[in-house]
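The figures that follow rest on heavy atoms only: side chains count, while hydrogens, waters and symmetry mates do not. On a predicted model such as this, the values are computed, not experimentally measured, just so you know.
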Amino acid sequence: MKSPGFAVIREYQKVNHFPGSFQIGRKDRLWRNLSAMQTKFGKQEFGFIPQTFVLPQDFRLLRKAWGDNAGKKRWIVKPPASARGLGIKVINKWSQVPKKKAVIVQRYLGKPYLINGTKFDLRVYVYVTSYDPLRFYLYEDGLVRFASCKYTSSASSIKNRFVHLTNYSINKKHAGYVPNDNHTACVGNKWTLLALWKYLEQQGISTKPIWDSIKDIIIKTILSSESAVNNLIKLNVNDRYSCHELFGFDIFLDHKLKPWIVEVNISPSLHSSSPLDISVKSPMVCHLFRLSGYRLPTKLLVSPSPVGSSVMGLSSRSGLIKQRVLTANEKAKQDYYNRSADQKLGVLNVLTPADVNMLVETEDEYSRRGTFERIFPTANTHKYLHFFSQPRYYNTLLDTWTRHYQGREKRGMEYLESMCQNQVHLQHSLCDVDHQWTAPAASAAPHSATVLSSRNISKVQLRAKPSSASTLLPWPRAHLARPNRKSSAFNNVKSTQK
């Protein structure tokens, strides 16, 4: 789907792509974006993709990098926009390099971590629900795909695709391919990711550092294209609700168990050819649809039909979280915090209706995550903000909220529920003095924040130190998964998110 096509999507429709997701879905664009981040921030931060050359543009650079010891080096040639291993081959001679064809040539990672003498890669699933603010989730399980022949670095094996490639679509054709129907078993040429973690733990290897490193390179990969994708969204998408996307990240583990990005699939296969596939993909898709929060058309909400009201439990008064037009006051606040890098904590002092709307949307989405793990934003992702090409207000808001009020559940739930009961999220800041933002003076004292509870409304001072025991508005992480069903106002906000 080309970017202009997104403009015709209606407010209650949702398409499973973002405009510009090819920025990481194409192998050449993936390299260009990560290479630019390497140049800006260094290989220590972004050195998790093998050196790549995009031909024919980089032909001279490749020739220089090829060097005099070409026979001892291996390279892998890939079409820039294909999948399932089509057109991929390993080479070690300059004469094998395509001279005019559009391909990428990448340094071959020649020291893989082996299990039973065999090379493998990981397929992990990343679900992006929004780019502004940036929110995405990582599914807890995935697939481990093994090559069907024992690995060897011998030059004589250079043309044997069953040694060097791990794609299922290739290896299933080999006579030695062994299927695995048991999602808990570590046998055959395909395992689940959870089975791999269990296997490594039994070998005395801690898997948490590996999983944390995988999260790190996923976050950085998505950040590398964030600016380009957001530009296309602003040009072509009317409502941020309209887009969501499931990515399939292919990860390689080297002999030191360092993860490398192999490629990113923007249309990962959800075909289930075995009980093992079903055990991973079926629950993932179920949780994904729940997490996506589909919006019901307005006509259905106001329909007198019992199907639209009594049976489905809907009401024409049901609140609807949707993209709204900002007031001048809300725009002023957002502009201020986009410019004031040293004033981020104050973003929570006065929450405008737009702020409350975003917080309710974000935390309501989080409560539907199932076995997906939100990996951005979290209380530990503040360190990635400097990788953004420009500050975005809602990223600042969610980062500050998540860090500053993590782990204190009850009062946070009371706060947001009370805001919803008072319909703050449906108002405009000009109509509500308590939620109208004013620019702080340069040497002002700590600002006053309105804190609502289920019983009363009180004014208290927001402490300067985030770690203070009296810090306000704690957001409920565990409690959120079991919201207070007695709060009709909060339920009304959520009721259209099916």
Next on the checklist: Assess whether a salt bridge exists between R403 and D399, defined as any Lys/Arg side-chain N lying under 4.0 Å from an Asp/Glu carboxylate O.
Outcome noted: yes

Item to check | side chain to side chain contact (heavy atoms under 4.5 Å, CB included) assessment of L270 paired with L246 | outcome: CA-CA 10 Å; L270 298 179; L246 178 70; 4.0 Å; yes

Next on the checklist: Is a donor from one side chain sitting under 3.5 angstrom from an acceptor on the other, for S224 and N33?
Outcome noted: no

Checklist entry - Which residues pass the side chain to side chain donor-acceptor pair (under 3.5 Å) test with T207, sequence neighbours left out? => result E201

Next on the checklist: Main chain of Q23, side chain of R29: is a donor-acceptor contact present, judged purely on distance under 3.5 Å?
Outcome noted: no

Checklist entry - Is there a donor in the side chain of N357 and an acceptor in the side chain of E361, or the other way round, less than 3.5 Å apart? => result no

Next on the checklist: Strictly below 4.0 Å, N to O, side chains only: are R374 and E365 in salt-bridge contact?
Outcome noted: no

Item to check | E45 and K40 ion-paired at < 4.0 Å | outcome: no

Item to check | Heavy atoms of other groups near Q44 CD, more than 12 under 6.0 Å | outcome: no

Next on the checklist: Please check this pair: side chain of S21 against backbone of H17, looking for a donor-acceptor N/O pair closer than 3.5 Å.
Outcome noted: no

Item to check | Flag side-chain contact, heavy atom, 4.5 Å: S242 against N238 | outcome: no

Next on the checklist: For R32, is there an ion pair with D58 - N to carboxylate O distance below 4.0 angstrom?
Outcome noted: yes

Checklist entry - Using the ring of each side chain (for Trp, its six-membered ring), is W211 parallel, tilted or perpendicular to W197, with breaks at 30° and 60°? => result perpendicular

Next on the checklist: W437 vs Y336, test: ring-ring contact (aromatic ring centres under 6.0 Å, His included). Steps then yes/no.
Outcome noted: CA-CA 11 Å; W437 178 82; Y336 174 82; 5.4 Å; yes

Next on the checklist: With side chain to side chain donor-acceptor pair (under 3.5 Å) as the test, pick out the partner of R145 among T166, D121, N167.
Outcome noted: D121

Next on the checklist: Quick one, C420 with V424, criterion side chain to side chain contact (heavy atoms under 4.5 Å, CB included). Give me CA distance, side-chain angles, the key distance, then yes/no.
Outcome noted: CA-CA 6 Å; C420 293; V424 173; over 6 Å; no

Next on the checklist: Please tell me whether D335 and Y393 have a donor and an acceptor in their side chains that are separated by less than 3.5 angstrom.
Outcome noted: no

Checklist entry - So, is the end of the K256 side chain (NZ or CZ) under 6.0 Å from the ring centre of Y113 and within 45° of the ring's axis? => result no

Next on the checklist: Donor-acceptor pair, distance only, cut-off 3.5 Å: does the side chain of N236 make one with the backbone of L232?
Outcome noted: yes

Item to check | Closest contact, heavy atoms only, S389 versus E226 | outcome: OG-OE1, 4.3 Å

Next on the checklist: Please verify the inter-ring angle class for Y384 with F376; under 30° counts as parallel, over 60° as perpendicular, anything in between as tilted.
Outcome noted: perpendicular

Checklist entry - Between K27 (side chain) and A81 (backbone), is there a donor-acceptor pair under 3.5 Å? => result no

Item to check | Pairwise side-chain contact, I375 with T381, heavy-atom cut-off 4.5 Å (strictly under) | outcome: no

Next on the checklist: With a 4.5 Å cut-off on side-chain heavy atoms, are L143 and L193 touching?
Outcome noted: no

Item to check | Other residues, nucleotides, ligands: >12 heavy atoms within 6.0 Å of H183 NE2 | outcome: no

Next on the checklist: With heavy-atom distances below 4.5 Å as the criterion, would you say the side chains of L138 and V124 are in contact?
Outcome noted: yes

Checklist entry - Is there a donor-acceptor contact under 3.5 Å from the side chain of K281 to the main chain of H271? => result yes

Checklist entry - With under 30° as parallel and over 60° as perpendicular, where do the rings of Y139 and H287 fit, or are they tilted in between? => result tilted

Item to check | Pair Q13-Y241, side-chain donor/acceptor within less than 3.5 Å | outcome: no

Item to check | Over-ring placement of K220 relative to F48, 6.0 Å and 45° cut-offs | outcome: no

Checklist entry - Do W31 and I49 pass the side chain to side chain contact (heavy atoms under 4.5 Å, CB included) test, and can you show the C-alpha distance, the side-chain angles, and the key distance before you say yes or no? => result CA-CA 8 Å; W31 165 252; I49 184 171; 3.8 Å; yes

Checklist entry - With a 4.5 Å limit on heavy-atom distance, are the side chains of F18 and I233 in contact? => result yes

Next on the checklist: I'd like to know if the side chain of T352 pairs up with that of D355 as donor and acceptor (distance under 3.5 Å, no hydrogens or angles considered).
Outcome noted: yes

Checklist entry - Between R10 and D239, does at least one N-O distance fall below 4.0 Å, as a salt bridge requires? => result no

Checklist entry - Would you call the rings of Y137 and Y127 parallel, tilted or perpendicular if under 30° counts as parallel and over 60° as perpendicular? => result tilted

Item to check | Any residue meeting side chain to side chain donor-acceptor pair (under 3.5 Å) with Y125, in chain and number order, not counting sequence neighbours | outcome: none

